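Everything on this sheet refers to the single structure shown next.
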Amino acid sequence: MLSLIVPCYNEERGVLPFFEEAKRVFDGSEYEIVFVNDGSNDGTFQELKDLAKLHENTVRVVSFSRNFGKEAALLAGLKHAAGEFLCFIDADLQQLPETAKEMLAILEEAPQLDCVCAVQEKRREGLFSTVMKGAFYKTINALSDVHFESGASDFRVFRRNVANALLDMTEHYRFTKGLFAWVGFETRYIPYRASERQNGKSRFSFWRLLRYAFDGIISFTAAPLRLAVIAGIITALGSLTYLLVVVIQKLFFAIDVPGYATIVTLILFFGGANLFFIGVVGEYLARVFTQTKNRPPYIIKATINTGEQK
Ligand code: UDP
Ligand code: MG
């Protein structure tokens, strides 16, 4: 059976078209759709309730108490999906059920494969986004032990063993792309072209994406911390050399160094560098703090057709 896991945040107009399309594509095969309502404040939950009533066997609904973010929604979907094959897919029909079916076929034909991942072929984005994203993949691949495929989306079809591995990762900051890279398994990347969004608009603004990229780097490598050590060693050695130069000049050549500008510049520079690295350490510490509080990544308010009472 295939479980489609669909995170929905304010998708009241997207849910029904998505369901119709998925039904059209997968009718005749065994499948279920796990919709996760990520604290929408429009009519999404009502739409899902109506759907679940009509299609008790295929539609399951998990509804959060507030918006916890797409990553939390994907996790909840995983926990409530029963299929031996699973698929992460958006509710806005930018990722087509048709493509999911092709990805499933690839998996079924190749027993050695565990995961098929759709890679966005041609980005319909501005130059700035493209450059920023390129820089992100360069940075994270240079710093992290695992490989991040450029442009790889969350749109994937994978086997139960991958799902179980993802469920075993109990971290609070869930950078799904990174989790997939970290757990390994045999993955095939296939190109796909994202369609235009059917309804509503994207929730991922530039700042949210930047935050997301930053989270990804912090979650998957401690290299920025090492950077502080390296920068410290370099400046310490540099200043030692300069100290020698100044002392020798003073003692042997009686050259007084007029130092106001130098001192002010150095104080400001190292003040800045110090703050920067304290900030970096703080980012890691904040994650340790969040993780040790051990709060659940989401709170469920209601479930429908999932076989549990809540
Ligand atoms: N989404 C979610 N929670 C959020 C933001 C988005 O569950 O806080 C869902 C959204 O409903 C959609 C998917 O994640 O199904 C992708 O979101 P969107 O289309 O806004 O992002 P984009 O396609 O621009 O990456
Ligand atoms: Mg979208």
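Each ligand, and each atom within it, is numbered from 1 in the order the structure gives. As the structure is a computational prediction, the values presented were derived from the model and not from experiment.
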task: For the pair Phe18 and Phe35, name the ring-plane relationship: parallel under 30°, tilted 30 to 60°, perpendicular over 60°.
output: perpendicular

- request: Pick one of side chain, backbone, both or neither for how Arg208 approaches ligand 1, counting any non-hydrogen atom pair under 4.0 Å.
  value: side chain

For Asp38, the ligand 1 atoms whose distance to one of its heavy atoms is below 4.0 Å: 2 (C), 3 (N), 4 (C), 7 (O), 8 (O)

Phe88/Phe158 aromatic ring centres below 6.0 Å: yes

- prompt: Rounded to the nearest 0.5 Å, what separation is found between the CZ atom of Arg156 and the SG atom of Cys87?
  reply: 11.0 Å

task: Kindly confirm or rule out a cation-pi arrangement of Arg66 over Phe68, judged by NZ or CZ under 6.0 Å from the six-membered ring centre and within 45° of its axis?
output: yes

- prompt: Going by the atom numbers of ligand 1, which of them fall below 4.0 Å from some non-hydrogen atom of Asp90?
  reply: 13 (C), 15 (O), 16 (C), 23 (O)

- request: Give the numbers and elements of all ligand 1 atoms closer than 4.0 Å to a heavy atom of Gly69.
  value: 3 (N), 8 (O)

query: Considering residues at least two apart in sequence or located in another chain, which fulfil the side-chain contact (heavy atoms from CB on, under 4.5 Å) criterion with Ala135?
result: none

query: Is Ala91 close to ligand 1, meaning an N/O of one under 3.5 Å from an N/O of the other?
result: yes

message: Under a plain distance cut-off of 3.5 Å, with no hydrogens placed, do Glu11 and Thr44 share a side-chain donor-acceptor pair?
response: no

field: Check ion pair Glu283-Arg211 (N to O, under 4.0 angstrom)
entry: yes

task: May I ask you to determine how many protein N/O/S atoms are under 2.8 Å from the Mg ion (ligand 2)?
output: 2

- prompt: Which of the atoms of ligand 1 are close to Glu11, meaning less than 4.0 Å from one of its heavy atoms?
  reply: 10 (C), 11 (O), 12 (C), 15 (O)

- request: Could you say whether the N/O atoms of Pro7 and ligand 1 ever approach to under 3.5 Å?
  value: yes

query: Between Asn67 and ligand 1, which part of the residue brings a heavy atom under 4.0 Å of the ligand: side chain, backbone, both or neither?
result: side chain

message: Is it true that, when you exclude Asp27 itself, more than 12 heavy atoms of the residues, nucleotides or ligands shown sit nearer than 6.0 Å to its CG?
response: yes

task: On the 0 to 90° scale, with breaks at 30° and 60°, tag the Phe148-Phe220 ring pair as parallel, tilted or perpendicular.
output: perpendicular

- prompt: Using 4.0 Å as the upper bound for N to carboxylate O, is an ion pair formed by Arg24 and Glu21?
  reply: yes

- prompt: Short list, please: which atoms of ligand 1 are under 4.0 Å from a heavy atom of Cys8?
  reply: 7 (O), 11 (O)

